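Working notes, beginning with the structure itself.
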Amino acid sequence: MSPITLTEDAASARVDLHNLAALVEAGSRVLDVGCGDGSLLRLLAEKRGVDARGIELSQSGVNECVAKGLSVIQGDADTDLVYYPDASFDYVILSQTLQAMRKPRDVIDHMLRIGRRAIVSFPNFGHWKIRLQILTTGRMPVTENLAYSWYETPNIHFCTINDFIDLCDEMGAQIEYASALDRFGMPVETRLPRLFWNLFGEQAVFVLSRKI
Amino acid sequence: MTHGAATQSDRRNEAIDPSSAVVRFGADAPLALEGGGTLGPWAIAYQTYGTLNADRSNAILLCHALTGDQHVANENPVTGKPGWWETMVGPGKPFDTERFFIICSNVLGSCLGTTGPASINPDTGQAYALDFPVVTIRDMVNAQARLVDHFGIDTLFCVAGGSMGGMQVLEWAATYPQRVFAAMPIATAAKHTAQNIAFHEVGRQAVMADPDWRKGRYLEAGTRPEKGLAVARMAAHITYLSEQALHRKFGRNFQDRSAPTFSFDADFEVESYLRYQGRSFVERFDANSYLFLTRAMDYFDLAKDHGGVLARAFQNAKTRFCVVSFTSDWLFPTRDSRAIVHALNAAGASVSFVEIETDKGHDAFLLDVPELFKTTRGFIDSAARARGLPASGDSAL
């Protein structure tokens, strides 16, 4: 086997990807749902020695991934997760894609079925800027991270950190780790109570498992 | 002698005494057939490109489609045309002949030197014709495995092919999982559908309805079912294209005229094109081979061979797969490829899947489709790295 060298792409990967990657045990099996151009997968494969697989909806994304040598299939998370057997991965990751799912709850359900753990990151709709925009303008918020107008946004199922925690309770999912991130993907002060996370976190990351 | 007869004798030479290299197996080394019985003596004709490395780990087996042959990347001895995959195979190309040892053999039942219905039946001294056993995709693959053995190759670095070639790729991965490091089935399916079988039956009936077919004994009779085989090819050719591609190429354009002739001449360009396709096909292909090879495809149903569950065909597969389909292919549509992908997922296999946007129909796998080259290059290079073989543009990646 040739030694694995870290490519420039992986070295300069975004901070939030590094933070996600740090949650994954080295050498494990990972499925990245909605893997885009494969940046996270590649980072996981090269830095963490992970057996990394992906699903991506767009042809251009899949082609980029395959050209990078990643095992990625063209598919739709809303319909295709059903084809994966139970407990076939250590982690199933859904990075910044939850809000674009037609049935987010079903997707999380499948993630917990397919993986030992599910890692979900999403933009927090409870952030104070968003609350302030609705309060002051009376219009659907448009922010740097959520740059679409309401009529053309692919993000059809926004939630807040509190909403997500409620859903986890309802689904019987165990929250093994949670973190709120600022706009740069850096963790918000973790000693603050969760009330503050929901105000100051632009994004959130949760590691879930099924309650036994 | 007519011109057609002269070509026929050329083709017979390629069937019996091919210009390709041949490995011959005597009656003491017969090929066991899926339908029962054995075939022997038998021969397999092949071409190779590039050099086999010292540890014999850089071999790629390319599997040709229904009417293809072993002449992947050299001038075809029958047609004088370039090889059928020169876009993909050559120095610096996705299947890089400077790094890999490329093997392509003529499939069992075909007519370019591997034993088929045009070969001489040792029992009669005449062509087998319909006495040739009905062979299957698995038989073709078993024959190829004997050729791979002949080279002393234990594990193929990659097996790749489109359409019927893709069926062979899947069969290789299912039958010889330890011998296939990477597999690339393109524009194919794990089984032939009712519609696929229906189109093949039209083709076979066209051949058999031609009085010159003589119940398959046309070689001795000195005839040739040209009309029947041409009609078969014309019908099949439509299935290889897409409605959009036909429209783009021909529309309702007239052929060398500005108005309809109110006759049954080939008024339209598309008619003239199909007639040409039919005519040129009969110059190069044996009618009985067409019957046998279409039959082999019809019988292909990989799941059926594994208790009806396709995933079982790939259980514990270590092979890495790259499945490719084309948006406008209605003969082997994307859903057929998805069925393969879902089975591979269920089996926990490493699989990539790309659906390539093109209006070129099923034939896209043979044509200049840059996305296919890009996908193949990416897949082959990453597999090469995993296998410890040199990859092209390691730094450019």
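The figures that follow rest on heavy atoms only: side chains count, while hydrogens, waters and symmetry mates do not. Residue numbers begin at 1 in each chain, while the letters A, B, ... track the order of the sequences. Just so we're clear, the structure is a prediction, and the values are computed from it rather than from any experiment.
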Could you note down all residue pairs passing salt bridge (Lys or Arg N to Asp or Glu O under 4.0 Å) where residues 148-158 of chain A supplies at least one of them, sequence neighbours left out?
none
One should read off an interatomic distance between B:T375 OG1 and A:Q59 CD, to the nearest 0.5 angstrom, of 7.5 Å
Rounded to the nearest 0.5 Å, what separates atom CZ in B:F353 from atom SG in A:C65?
14.0 Å
For atom CG of B:D55, is the number of surrounding heavy atoms from other residues, nucleotides or ligands below 6.0 Å larger than 12?
yes
Flag if over 12 foreign heavy atoms under 6.0 Å of CZ, B:F373:
yes
Quick check: does any side chain N or O of B:R385 sit under 3.5 Å from a backbone N or O of A:G69, one acting as donor and the other as acceptor?
no
Top contributor to chain A contacts, counting heavy-atom pairs under 4.5 Å, from [options]:
options	value
B:A311, B:S352, B:S382	B:S352
B:V354, B:L344, B:V323, B:V341	B:V354
B:K374, B:R377, B:E355, B:E357	B:E355

Determine the minimum heavy-atom distance between B:V351 and A:I73, stating which atoms define it.
O-CG2, 3.3 Å
Tell me the closest heavy-atom pair linking A:P85 and B:A346, and the distance in Å.
CG-O, 3.4 Å
Under 4.5 Å from a heavy atom of chain B, the part of A:D80 involved
side chain
Under 4.5 Å heavy-atom distance to chain B, tell me which part of A:I55 shows up: side chain, backbone, both or neither.
neither
If I measure from the heavy atoms of chain A, does B:A339 come under 4.5 Å with its side chain, its backbone, both, or neither?
neither
Would a 4.5 Å heavy-atom cut-off, applied to side chains only, mark B:R320 and A:S71 as touching?
no
Would you kindly say whether A:Y84 and B:N345 are connected by a side-chain donor-acceptor distance under 3.5 Å?
yes
